[in-house]
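Quick notes on the structure that follows.
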There are 2 protein chains.
Amino acid sequence: MSATIKDIAEYLNISPGTVSRALNGKGRIGESTRRKVYEVAEKLKYVPNEIARSLKMKKTSTIGVIIPDATNIFYSIMLKSIDKSLLKKGYNILFCDSDENIERETEYFELLKGKNVDGMIIVTSGENSIYKDEETLSNIVFVDNIPAIDRDFSYVTIDNMKAAYDLTQLVIDNGHKDIAVVCADLSETTGYDRLEGFKKCIKDNGIEYNPDKIYKGSFRYQTGYEAAGKILKGKKYPTTIFAQNNVQAYGVVKRLSESSINIPDDISIVCFDAIDQTGMMSPKLTSVMQPVEEIGERAVKCILDNIDNDDTELEVSRNILGYKINLGKSLKRI
Amino acid sequence: MSATIKDIAEYLNISPGTVSRALNGKGRIGESTRRKVYEVAEKLKYVPNEIARSLKMKKTSTIGVIIPDATNIFYSIMLKSIDKSLLKKGYNILFCDSDENIERETEYFELLKGKNVDGMIIVTSGENSIYKDEETLSNIVFVDNIPAIDRDFSYVTIDNMKAAYDLTQLVIDNGHKDIAVVCADLSETTGYDRLEGFKKCIKDNGIEYNPDKIYKGSFRYQTGYEAAGKILKGKKYPTTIFAQNNVQAYGVVKRLSESSINIPDDISIVCFDAIDQTGMMSPKLTSVMQPVEEIGERAVKCILDNIDNDDTELEVSRNILGYKINLGKSLKRI
DNA sequence: ATGAAAGCGCTAACAG
DNA sequence: CTGTTAGCGCTTTCAT
């Protein structure tokens, strides 16, 4: 075990309190003792025990982060952005990958509470009664996919409905009328909102809504892959497939290419968040791009503001950021 | 603040010790009190304070993980694998992205010590005196890129020299003699070993080693991109570029494609860890594939074994796993 | 400027 | 079976 404040105190024949003050530079402290304390601390390789400090201070300088899938580049960029922003302020991440599993998310949530994190940044995964009954959501900020519950909470997201509307409009402007949608579970607000935006847009453009063209599943690769499979079984292909996230889109592309369907010549594809850091993905997907790094930064700002503001009115912070549409090469003008 | 053991105790007019035992099911405890304690705990929404418990038990059930870049799919898969394995055993990850920066890594390392993690899984980033002078490395397992220090420590990695040798042999077997290498800093053992493997292989094949064909930098995209740029300035192109990791390779591909160099018709590319979960990367890179998930699992096993074995001989655990070579489509037979 | 003492919430002897 | 006590390492009044 490493040296403690008490060890330093005994070594110098002074009291632990004095050592603590010397180390933290708080309260009146003699310059000479202060120096001595530092010397001995060095000598004894003293490392402050943050656990003890946390217990006393009721502050862990740790933020819990729950994301659905660290291997999805969208979330890994977000994670990195959060980490970077937090480090600047002296905080750390207690990392949780829920694997898009609500049970696992719940488990992690309880765990994070027990570990007394100062706050949480959560990307939820679907239908959850968890957050409905929580006493307070005041030190939580929800990000991207926010919970569909009827109460106030802080969040950072984009206007998914509008983004889906815009994307759909782009598709229609390119001459498409027959559009299939790969859709997540509607308990996910992003899934719901993106579908609503789509519906509203086609309606505004006089295109009839056909539920048969909505392929529901999750936000996973498999959902996109299987949806494309079903689409290919139909007699007439849609001219565009709208995937609600990046991973679904990859699944669609995979399935289509297995059947030698050319994108976008045979079928166009549009989606959300088709980030390509490698520059090697082909074709370049036409996609709504959320400002993912900024989302991470804002979430951190949001949570830390809340912590700093202490017990002053716990007001929720609602952040709706802008987005862009990356034109890519997967939408054909017809 | 949430309810404590003391609150439950007072509520029931029993002692905190009894409540603790009831909750933990340790020691003799009456079935009736036990039930009552549970009821009241529920009623008061008791959440055990893990910080206090940690302080007492000298155990945080938290493992520090330092990786160079969460947005590199190789590391994000590893991270997820570690998280999954740890959760099963009731541990959590304190996550640190060093951004391939040794100062940041050092900072995180100190921080993790202070936070009393029970162990660490570290992918180091280059030259570091940090680990040389540590009193003990016994609760650390190094992964992938292990530190180049002359002392014992636990690790999980592959035989990088042999893997590079095999990859080079494959290149040579395909008729190539003029091979350029995109190389990380040699203070990184993976960089060093992979270069050594390359050198040994060409030597064994009677090909002369030409230092001018080694393009040194870091493991970053930029290094690959710039190396390719320099290569294209030469009068005669190598027939193959060997990149030491995936990200470098992406940079190479990017730069080559900007100059409309066809891969592999004009220049072949081989590398390490060209993982493609999307299935959309083109061309498919010929690449050594480390068993990244298994590396994560093994690292977890390694660290937990060490923790469980307590103070019995702290023996280091050396794990060298197997690898595969993914043939891909970026190596041309000439 | 420093010491003494209490206490954060929990667990683990040791009594009874 | 349960109460009491001490203490994990630290900070922070309150004295001196």
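The distance from atom CD1 of B:Ile51 to atom P of D:dC10 is 14 Å, rounded to the nearest whole Å. Look at CG on B:Asp7: it is 8 Å from P on C:dG9, rounded to the nearest Å. The NZ atom of B:Lys6 sits 11 Å away from the P atom of C:dC10 (whole-angstrom rounding). The separation between A:Ile8 atom CD1 and D:dC10 atom P is 8 Å, rounded to whole Å. Between the C1' atom of D:dG9 and the CG atom of A:Asn24 lies a distance of 13 Å, rounded to the nearest Å. Between A:Glu10 atom CD and C:dG3 atom C1' there is a gap of 14 Å when expressed in whole angstrom units. One atom, NZ of B:Lys59, and another, P of C:dA12, lie 13 Å apart when rounded to the nearest Å.
Nearest nucleotide to the side chain of B:Arg53, out of C:dT11, C:dA12, D:dC10: C:dT11. Of the listed nucleotides (D:dC10, C:dG9, C:dT11), C:dG9 has the atom at the smallest distance from the side chain of B:Leu55.
For residues 120-138 of chain A, the set of pairs meeting the salt bridge (charged side-chain N to carboxylate O under 4.0 Å, His left out) definition, not counting sequence neighbours, comprises A:Lys113-A:Glu134. Residues in residues 60-78 of chain B take part in these salt bridge (charged side-chain N to carboxylate O under 4.0 Å, His left out) pairs, two or more places apart or across chains: A:Lys80-B:Asp69.
OP1 or OP2 of D:dT11 has not a single side-chain nitrogen or oxygen of A:Lys58 nearer than 4.0 Å. When the side-chain nitrogen and oxygen atoms of B:Asn49 are compared with OP1 and OP2 of C:dC8, none of them lie within a distance under 4.0 Å.
Closest of all the heavy-atom pairs between B:Leu86 and B:Ile93 is CD1-CG1, 3.5 Å.
Inspection of the B:Thr62 and B:Asn92 side chains reveals no N or O donor paired with an N or O acceptor under 3.5 Å. Using a 3.5 Å distance cut-off with no hydrogens or angles, the side chains of A:Thr124 and A:Asn145 do not pair a donor with an acceptor.
Taking the charged nitrogens against the carboxylate oxygens, B:Glu39 and B:Arg35 have no contact shorter than 4.0 Å, which rules out a salt bridge. Taking a cutoff of 4.0 Å between a charged side-chain nitrogen and a carboxylate oxygen, A:Asp97 and A:Arg104 do not qualify as a salt bridge.
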Quiz item: What string of B, S and - do you get for nucleotides 2-7 of chain D 5' to 3' if you count protein non-hydrogen atoms under 4.0 Å?
Solution: BBB--B
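Across all strands shown, B:Thr4 has heavy atoms under 4.0 Å from sugar-phosphate atoms exclusively, and none from any base.
If A:Val19 and A:Met57 are placed on DNA chain C by their nearest nucleotide, the residue sitting closer to the 5' end is A:Val19.
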